[in-house]
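Everything quoted here is computed from the prediction, not taken from an experiment.
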Amino acid sequence: MPVRDLIRRKVVVIEPDDTVKLAAQRMEDKMVGSLVVIEGDKPVGIITDRDLALRVIGRELPPDTPVKEVMTRDPITIREDASFFELTKTFREAAVRRLIVVDKDGKLVGLISIDDTMELLTTEFANLIAAIRG
């Protein structure tokens, strides 16, 4: 099963020059814990609610601080045609909870979280258990 079949395609995004206040508002409005930072149609970073807590509030930065000053640059990405095995391996090796999904040209396609992956695995394990119990 390729990653493209598992991803959320409606990714909430923000631009590097937008403020951290806007980032926090967007996360609250869209009920998400992260935003993909884009320039054009390519991801250049990611900012999470944890980044806001540690890098903004923890450092007492002002609300008009640009996202680019606190985002994680060069985020870990995975291609949409990657296998499920490559996905789980990337989660393990990168020690991240979210992966940005890109196409062959590096353009943003979607986002997948480790929670999404666990939900799929739980369903698959339930199917296997039902098959064993017959």
Side-chain angles (χ1 to χ4, degrees):
M1 174 181 306
V3 170
R4 78 171 56 87
D5 294 341
L6 307 172
I7 62 174
R8 281 183 272 146
R9 293 193 182 273
K10 290 191 176 185
V11 181
V12 185
V13 299
I14 197 157
E15 295 183 4
D17 291 323
D18 288 336
T19 66
V20 293
K21 180 177 182 178
L22 177 61
Q25 290 170 335
R26 193 162 291 167
M27 284 182 200
E28 181 179 24
D29 292 347
K30 300 296 184 179
M31 297 187 312
V32 296
S34 66
L35 304 172
V36 176
V37 185
I38 58 166
E39 285 183 347
D41 52 9
K42 295 190 177 182
V44 295
I46 190 166
I47 186 165
T48 66
D49 46 9
R50 187 171 193 269
D51 294 331
L52 294 177
L54 299 177
R55 297 179 183 168
V56 178
I57 297 170
R59 296 178 188 165
E60 299 181 4
L61 296 178
D64 63 345
T65 300
V67 166
K68 66 184 170 191
E69 291 185 22
V70 296
M71 71 182 189
T72 298
R73 295 179 182 280
D74 302 317
I76 307 294
T77 61
I78 192 162
R79 292 240 328 236
E80 65 180 333
D81 57 355
S83 69
F84 189 77
F85 175 78
E86 291 172 284
L87 174 69
T88 58
K89 182 179 176 191
T90 304
F91 274 127
R92 184 184 73 238
E93 290 175 353
V96 294
R97 297 189 55 80
R98 300 167 183 93
L99 289 171
I100 297 169
V101 182
V102 296
D103 66 12
K104 63 180 174 50
D105 298 318
K107 295 178 182 177
L108 178 65
V109 174
L111 186 73
I112 188 162
S113 72
I114 203 162
D115 296 346
D116 298 331
T117 307
M118 291 296 294
E119 186 176 327
L120 172 69
L121 286 172
T122 301
T123 301
E124 293 303 316
F125 283 134
N127 289 339
L128 289 172
I129 291 168
I132 290 169
R133 290 188 178 157

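- A single hydrophobic cluster is not seen to contain both I47 and V11; linkage of ILVMFWY side chains at heavy-atom distances under 4.5 Å, directly or through other members, places them apart.
- At least one side-chain heavy atom of F84 sits under 4.5 Å from a side-chain heavy atom of L121.
- Shown here are the side chain to side chain donor-acceptor pair (under 3.5 Å) partners of T48, two or more places apart in sequence or in another chain: D51.
- For E28, the CD atom is loosely surrounded, since the number of other residues' heavy atoms within 6.0 Å does not exceed 12.
- Remark: A24 engages L52 in a side-chain contact (heavy atoms from CB on, under 4.5 Å) (not counting sequence neighbours).
- Of all the heavy atoms in P43 and V36, the pair that sits closest is CB-CG1, 3.8 Å.
- Hydrophobic clustering of Ile, Leu, Val, Met, Phe, Trp and Tyr side chains at less than 4.5 Å, counting indirect connections, unites V44 with V20.
- Between V13 and R26, the shortest heavy-atom contact is O-NH1, 2.7 Å.
- Hydrophobic cluster membership is shared by V96 and V109, with clusters built from Ile, Leu, Val, Met, Phe, Trp and Tyr side chains linked at under 4.5 angstrom.
- Here the CG-CD1 distance, from L120 to I112, works out to 8.0 Å after rounding to the nearest 0.5 Å.
- Rounded to the nearest 0.5 Å, atoms CD (E80) and CD1 (I78) are 11.0 Å apart.
- For A23 against V67, the heavy-atom pair with the smallest separation is CB-CG2, 4.1 Å.
- Hydrophobic clustering, with ILVMFWY side chains joined whenever heavy atoms are under 4.5 angstrom apart, groups I76 together with V3.
- Looking at T117 and L87, their side chains come closer than 4.5 Å, going by heavy atoms from C-beta outward.
- In terms of heavy-atom proximity, I14 sits nearest to D18 at CG1-OD2, 3.2 Å.
- In this view, N127 and T123, E124 satisfy the side-chain contact (heavy atoms from CB on, under 4.5 Å) rule, not counting sequence neighbours.
- Atom CZ in R79 sits 14.5 Å away from atom CG in L99 (nearest 0.5 Å).
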### Task
Test R50 against T72 for side-chain hydrogen bond (donor to acceptor under 3.5 Å, both in side chains), laying out the working first.
CA-CA 11 Å; R50 187 171 193 269; T72 298; over 6 Å; no
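- Under the 4.5 Å side-chain criterion, counting only non-hydrogen atoms from C-beta, V37 is not in contact with R73.
- The structure places CD of E69 at 9.5 Å from CG of D17, a figure rounded to the nearest 0.5 Å.
- With sequence neighbours excluded, no residue forms a salt bridge (Lys or Arg N to Asp or Glu O under 4.0 Å) with D74.
- In terms of heavy-atom proximity, P75 sits nearest to I46 at CB-CG2, 4.1 Å.
- A heavy-atom distance below 4.5 Å is not found between the side chains of L108 and D41.
- Between L35 and M71 there is no side-chain heavy-atom pair separated by less than 4.5 Å.
- Look at R4 and D103 and you find no salt bridge, because none of the NZ, NE, NH1 or NH2 atoms lies under 4.0 Å from a carboxylate O.
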### Query
When you look at D115 and R97, which way does the salt bridge (charged side-chain N to carboxylate O under 4.0 Å, His left out) test go after all the steps?
CA-CA 8 Å; D115 296 346; R97 297 189 55 80; 2.8 Å; yes
#### Entry: side-chain hydrogen bond (donor to acceptor under 3.5 Å, both in side chains) evaluation trace for E86 with S83
CA-CA 5 Å; E86 291 172 284; S83 69; 3.2 Å; yes
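- Counting heavy atoms from C-beta outward, Q25 and T19 have side chains that stay 4.5 Å or more apart.
- Taking hydrophobic clusters as Ile, Leu, Val, Met, Phe, Trp and Tyr residues chained together by side-chain heavy-atom distances below 4.5 Å, V32 does not share a cluster with I114.
- Taking CZ from R133 and CG from L128, the interatomic distance works out to 12.0 Å, rounded to the nearest 0.5 Å.
- Taking 4.5 Å as the limit, some side-chain heavy atom of L111 sits within range of a side-chain heavy atom of S34.
- P63 pairs by the side-chain contact (heavy atoms from CB on, under 4.5 Å) definition with K21, not counting sequence neighbours.
- The side chain to side chain donor-acceptor pair (under 3.5 Å) search around D49 returns none, not counting sequence neighbours.
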